[in-house]
Amino acid sequence: MTPHVSLGATRLRIVDLDHGDQPMQSDDGSCTIVFNGEVYNHHSLRTELERCGRRFRTDCDTEVVLNAYLEWGNDCFHRLRGMFAVALWTELDQRLVLARDRAGIKPLYYRLHDSEIFFGSEIKSIFAHPNVPRRLDLKGLNCFLSLNYVPGPLTLVERITKLMPGQLLEWKRGLVSIKSYVTPSHRSEAPSSLDEAAEELDSLLRESIAEQLPTDVPMGIWLSGGIDSSTVLHFAAQFSSSPLRTFSITFRGKSFDEARYIRSVSEHYGTQHTELDLNEDVDLADTIREMSYYSDEPGADAGAVPVWYLAKMTRPNATVVLTGEGADELFGGYLTYQANRYWRTSATVPRPLLRGALKCAQLLRASNEKIGFDYKLKRFLQGSLLSPEAAHVFWNGTFSEDEKRCLFHFADARPMSELLGQMRSGNSLERFLDFDQRYSLPDALLYKVDRMTMAHAIEARPPFLDDRIVDFAARLPEHFKIRGTQTKLVLRQLMRRTLPPSVVKRPKIGLDIPIHEWFRGVLRPLLTENLNEASVEETGLFDWPAVKALIEAHQNRKANWGYHLWGLLTLMLWMKRWKIEVPATESQLVASCTDLTPEDSSLAWQPASYSA
């Protein structure tokens, strides 16, 4: 702490356990760093810095980042391979530099107020300042209700902003600039064949996973029984002389239970396996309430619940886990990417016929399946009536603009229109992969994993999001990713002779809870406790008769509104937990719907390779 700055950090000890406490200062005391994350190539960077004359007191990567900044300035960040949110303060210049990793694995929030800046890797650290108001950002909420997440740089708190992946913010004596630190990647030619692409991916995964294996703390792997996590296990096993630990969540008796695939892979590699069956006997309601503390924003992805239990189960046995996150966004693993293709066909069908088909589909009784045929059919037909951009986010999202107007008092189509306007033109797969890598990957998937693991003092590392693999995936032609009904083609080609055939060929299931069913059963009391007339009207945000109609239609199985209701439930819990205020005046509403982010608009969109 100085007259100009106050810095602090809570460290999860992974590298050099006895040293590396933060904040850490340079030898002459001129520069101070606080750092969240890991830099996997810190050994090679250390060697390079030592050749430049830099000296080290510890073996931790934090000191490597500090010395890299002192040696190379802002040019150091593109050299870092890993996941990080970092702040560096230079007292003499009164200069603060914030930077976030390319993929957005680690979050970083900030708030500008007059000539001051507040920042942290959690919003609650900014809330700790007594002068920071906690007003709801209606622009962010409009996006949240459509997407199930809040896309950066927005948050759900007015004037608190996310630093985007691959960006650095420089604050100097009250003046702020934001830019990308990512250097243009050298794009070599795409592999000439699928076999050649698989061979290159093999080499890249070996390098990535070897680099990410910890040496100072116990490590495990989250195993779902799908091809992504099974691939990570396969390569990690090549570097381990003893059986690896694996951890899984099962749903015994459910159609989407992956237990037999999980056990098949675990037995194939001889792992020390631990699993938890997530069922209605677990104390779900109290867990969901507790999650609202650790979630900086409400997470409308109900998959956060099994991730919470997975992290809790893992903690006694491992401090670091390797995961399969990112493979779907790089190689086209989601069903929505196939739906994008089918949209082109539906566009040739007269709209009255599509509306008629939708009316017929809506007569189908809602199933209790996690994502049943009835839900997918209705969702696809609704999306087919939208633009391809709106359809893409609708299929994985919740409320349409029409539905929001019936439900939300401050419905505004402009925030989503601005966001979708940043999507590349054309109908190729790449435009949708680009969009998901820039928004849903960091702001939904990685955010969820980071918050739930940090709540249990676990570090989750996603080897697929190594910079080199991201750049490789961006070079691949579309037919190396999706062909017909096959997804992630290059990854399946790589693993087809290694993993059990049942794992390689099976479709993606996804780690999620049966929210439709549980809102009709074990979670119904939690839903009605928090989504009732008094609580809804107290916020002034939603039309209670419309919310009531959703709940009744869901309970009577006229429709599956489980994901929509989950978003509303987590919003209410989060607002209550953090005492979030709703803008009360017209001027506040206008301000909330104005882009307040002081950043270069040209940086709002970067392609999948994250080139500047």
Side-chain angles (χ1 to χ4, degrees), residues 36 85 100 104-111 118-129 132-165 287-305 307-308 311 393 396-399 404 408 410 415-416 419 438-455 460 530-531 539 541-542 563-583 592-593 595-597:
N36 176 31
R100 187 180 179 196
I105 302 168
K106 286 295 179 181
L108 184 50
Y109 303 92
Y110 65 93
R111 185 182 193 274
F118 310 97
F119 67 90
S121 57
E122 298 182 356
I123 287 181
K124 63 176 70 69
S125 65
I126 300 176
F127 282 168
H129 196 287
V132 172
R134 304 182 184 185
R135 282 196 298 269
L136 192 68
D137 186 278
L138 296 175
K139 185 175 182 180
L141 183 54
N142 265 282
C143 291
F144 173 80
L145 293 172
S146 295
L147 298 170
N148 263 354
Y149 64 89
V150 184
L154 299 172
T155 72
L156 278 187
V157 184
E158 195 175 283
R159 296 185 181 272
I160 293 182
T161 305
K162 295 170 188 162
L163 190 65
M164 293 293 282
T287 292
I288 293 167
R289 293 188 190 96
E290 188 176 3
M291 284 165 52
S292 67
Y293 172 80
Y294 294 97
S295 299
D296 286 299
E297 297 178 278
D301 182 353
V305 176
V307 173
W308 172 279
V393 298
N396 260 347
T398 46
F399 295 104
K404 278 199 300 186
F408 182 37
F410 303 111
M416 283 300 300
L419 182 70
R438 180 50 53 185
Y439 294 107
S440 65
L441 177 60
D443 295 323
L445 184 63
L446 297 175
Y447 154 82
K448 169 186 69 180
V449 173
D450 183 75
R451 292 280 72 99
M452 298 302 100
T453 52
M454 288 291 99
N530 291 280
L531 275 182
T539 68
L541 294 171
F542 302 105
Y563 295 114
H564 306 67
L565 294 172
W566 174 265
L568 295 178
L569 170 64
T570 57
L571 175 68
M572 299 293 283
L573 289 170
W574 174 78
M575 290 181 64
K576 180 179 178 181
R577 174 63 184 80
W578 293 108
K579 298 180 173 61
I580 304 297
E581 302 172 1
V582 176
S592 182
C593 290
D595 191 355
L596 300 172
T597 309

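Checking each of T398, L571, I288 against W566 for a side-chain contact (heavy atoms from CB on, under 4.5 Å) leaves exactly one that passes, namely I288. Each of L163, T161, D296 was checked for a side-chain contact (heavy atoms from CB on, under 4.5 Å) with Y109, and the lone residue meeting it is D296. Screening F399, F408, F144 for a ring-ring contact (aromatic ring centres under 6.0 Å, His included) involving H564 leaves a single residue, F399.
Shown here are the salt bridge (Lys or Arg N to Asp or Glu O under 4.0 Å) partners of K576, two or more places apart in sequence or in another chain: there are none. When the salt bridge (Lys or Arg N to Asp or Glu O under 4.0 Å) test is applied to R289, the partners found at least two apart in sequence or on another chain are D286, E529.
The minimum heavy-atom distance linking A460 with T453 is given by the pair CB-CG2, 4.0 Å. Nearest approach of R438 to P165, heavy atoms of both residues: NH1-O, 3.2 Å. Of all heavy-atom pairs spanning L136 and E158, the tightest one is O-OE1, 3.9 Å. Of all heavy-atom pairs between M452 and S295, the closest is CE-OG, 3.8 Å. The minimum heavy-atom distance between I580 and R135, with the atom names listed, is CG2-C, 4.3 Å. Taking each heavy atom of G152 and M164 in turn, the nearest pair found is C-SD, 3.3 Å.
The existence of a salt bridge linking K162 and D443 is confirmed by a sub-4.0 Å separation between a basic side-chain nitrogen and an acidic carboxylate oxygen.
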Begin from the C-alpha positions of D450 and I105 and carry the test side-chain contact (heavy atoms from CB on, under 4.5 Å) through to its verdict.
-> CA-CA 8 Å; D450 183 75; I105 302 168; 5.8 Å; no

Under the side-chain contact (heavy atoms from CB on, under 4.5 Å) rule, what do L147 and M416 come out as? Steps first, then yes or no, please.
-> CA-CA 9 Å; L147 298 170; M416 283 300 300; 3.7 Å; yes

Y293 and K124: CA distance, side-chain angles, deciding distance, side-chain contact (heavy atoms from CB on, under 4.5 Å) verdict = CA-CA 9 Å; Y293 172 80; K124 63 176 70 69; 3.9 Å; yes

Verdict with reasoning, W578 to F127, per side-chain contact (heavy atoms from CB on, under 4.5 Å) | CA-CA 9 Å; W578 293 108; F127 282 168; 3.8 Å; yes

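Side-chain contact check for T155 versus E297: some heavy-atom pair is nearer than 4.5 Å. Residues Y447 and P107 are not in side-chain contact: their nearest non-hydrogen atoms beyond the backbone lie 4.5 Å or more apart. Contact of the V305 side chain with the M291 side chain is registered, since non-hydrogen atoms from C-beta on lie closer than 4.5 Å. Looking at heavy atoms from C-beta onward, L541 lies in side-chain contact with L141 at the 4.5 angstrom threshold. Within the 4.5 Å cutoff, the side chain of Y439 has no heavy atoms near those of the V393 side chain. By the 4.5 Å heavy-atom criterion applied to side chains, I123 and I160 are counted as neighbours. Between C143 and L154 the shortest side-chain heavy-atom distance falls below 4.5 Å. Using a 4.5 Å heavy-atom threshold, the side chains of W308 and E290 count as touching.
Here the CG-OG distance, from L108 to S121, works out to 7.5 Å after rounding to the nearest 0.5 Å. Here the straight-line distance linking atom CZ of R100 with atom NZ of K106 works out to 11.0 Å at 0.5 Å rounding.
Side chain of N530 to backbone of L573: no donor-acceptor contact under 3.5 angstrom is found.
In this model, a donor atom of one side chain and an acceptor atom of the other lie less than 3.5 Å apart for K404 and S146.
R111 forms no cation-pi arrangement with F119, by the criterion of a distance under 6.0 Å to the ring centre and an angle within 45° of the ring axis.
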